[in-house]
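Below is one structure, written out as structure tokens; the observations come after it.
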Amino acid sequence: MAVTVTEAVSSRRSVRSFLPDPVPLAMLEHVLEKAQRAPSGGNVQPWNARVITGDPLSRLVAAVAEVMPQGRAAHAPEYAVYPPELDGVYEARRFGVGEAMYDALGVTRDDKRGRLAQFFNNFRAFGAPVLMLVHTPRYMGPPQWSDIGMWLQTVMLLLREEGLDSCAQEAWAAYQQQVRACVSIPDDHIFFCGLAIGKRDPEAALNRFEVPRASLSEAVSFEGF
């Protein structure tokens, strides 16, 4: 059944536990073809992506797993996922959703092993059968990165229309060297993020904890009405 835009927005969430069910190529092509209508300044359309499944995805997961024991020494992100100055309500929201996730799993603050295991699950794409790897020319600036965000949101909502789920994963940026070794991304492009795609596991606690949003009054003001 078709869903409304409102239903797609309200049912979309960052899914962190996927069923192994494969996603048909035709369905992905259908979604991504429609997503090409996403807005971009000057119609630049700065988004580029590689979509992998099966053996290519398994090779990437294995390549990252091989260097994980090195800890942060293996990290080589090409950009800062969060600004070092992040504070106040913005840092509180980031901290809050992480704690809510660990609470849903029953992982306490002092359970370092449990927290690390969940962190590693990022780099299994949370068990998703498909991973989309997004990149753009290095000379693109903040406006074009904003365009990529609008395209990604369009993709995620269209996936909901097809009964599919997703999780945008900037975490993959830490292992961009391994991504590049496994997937052909031009040297003059910066690797941005992954997008895990598949069907959510409806029983998984990771897919059922509440993710609060700021009230409209915190984010928006109106004048002249």
Side-chain angles (χ1 to χ4, degrees), residues 2-16 18 23-53 56-57 60 77-83 90 93-94 97 122-123 125-126 128-176 179-180 182-200 211 213-214 219-220:
V3 298
T4 66
V5 175
T6 297
E7 289 168 338
V9 170
S10 62
S11 64
R12 190 216 64 81
R13 66 176 292 146
S14 294
V15 167
R16 293 181 174 88
F18 288 85
V23 179
L25 174 60
M27 185 178 289
L28 291 170
E29 290 176 329
H30 181 62
V31 165
L32 292 171
E33 185 69 37
K34 290 193 290 184
Q36 286 299 104
R37 298 300 306 172
S40 63
N43 199 33
V44 168
Q45 303 171 61
W47 49 83
N48 297 264
R50 303 279 178 169
V51 185
I52 62 174
T53 190
L57 177 55
L60 175 56
E78 297 179 293
Y79 69 94
V81 173
Y82 301 104
Y90 306 109
R93 292 168 188 164
R94 179 190 173 201
V97 74
N122 274 284
F123 306 104
F126 301 116
V130 173
L131 180 64
M132 183 166 74
L133 301 162
V134 181
H135 54 100
T136 194
R138 293 183 183 277
Y139 59 74
M140 294 296 181
Q144 289 74 49
W145 283 55
S146 174
D147 293 342
I148 295 170
M150 289 190 285
W151 172 73
L152 280 168
Q153 174 75 333
T154 303
V155 170
M156 290 188 280
L157 296 181
L158 288 169
L159 288 170
R160 290 301 304 129
E161 186 179 50
E162 299 294 336
L164 295 172
D165 297 287
S166 61
C167 184
Q169 295 183 270
E170 291 169 318
W172 283 100
Y175 295 104
Q176 57 86 18
V179 171
R180 291 178 183 279
C182 294
V183 180
S184 180
I185 294 176
D187 290 341
D188 62 348
H189 281 214
I190 190 168
F191 170 64
F192 173 35
C193 71
L195 183 73
I197 300 171
K199 292 182 179 179
R200 75 180 73 182
V211 181
R213 289 295 192 262
V220 180

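Trp151 contributes atom CH2, which lies 7.5 Å from atom CD of Gln36 (distance to the nearest 0.5 angstrom). For the atom pair CZ of Arg138 and NE2 of His189, the computed distance is 9.5 Å after rounding to the nearest 0.5 Å. Between the CZ atom in Arg50 and the OG atom in Ser184 there is a gap of 4.5 Å [rounded to 0.5 Å]. Residue Leu25 holds its CG atom at 9.5 Å from CG of Leu32, rounded to the nearest 0.5 Å. One finds the OG1 atom of Thr53 at 8.5 Å from the CG atom of Leu28 (value rounded to the nearest 0.5 Å).
Scored by the side chain to side chain contact (heavy atoms under 4.5 Å, CB included) test, Tyr139 finds Pro137 as partners (sequence neighbours excluded). Legend: residues meeting side chain to side chain contact (heavy atoms under 4.5 Å, CB included) with Val81, ordered by chain and number and at least two apart, are Tyr79, Glu170. Taking Glu7 as the reference, nothing meets the salt bridge (charged side-chain N to carboxylate O under 4.0 Å, His left out) condition, with sequence neighbours excluded.
Considering all non-hydrogen atoms of both residues, Leu60 and Ile52 come closest at CD2-CD1, 4.0 Å. What you find for Pro129 and Leu57 is that their closest heavy atoms are O-CD2, 3.7 Å. Between Met156 and Ser166, the shortest heavy-atom distance links the atoms CG-OG, 3.2 Å. In terms of heavy atoms, Val3 sits closest to Ala8 at CG2-CB, 4.2 Å.
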Worked check of salt bridge (charged side-chain N to carboxylate O under 4.0 Å, His left out) between Arg180 and Glu78: CA-CA 12 Å; Arg180 291 178 183 279; Glu78 297 179 293; 3.1 Å; yes

Candidate pair Phe192 and Trp47, rule ring pair (Phe, Tyr, Trp, His ring centres under 6.0 Å), full reasoning: CA-CA 10 Å; Phe192 173 35; Trp47 49 83; over 10 Å; no

Start with the C-alpha distance between Asp165 and Arg160, add both sets of side-chain angles, then the distance that settles salt bridge (charged side-chain N to carboxylate O under 4.0 Å, His left out), and finish with yes or no. CA-CA 6 Å; Asp165 297 287; Arg160 290 301 304 129; 3.1 Å; yes

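Contact of the Pro77 side chain with the Gln176 side chain is not registered, since no non-hydrogen atoms from C-beta on lie closer than 4.5 Å.
For Trp172 and Phe191, the gap between ring centers reaches or exceeds 6.0 Å.
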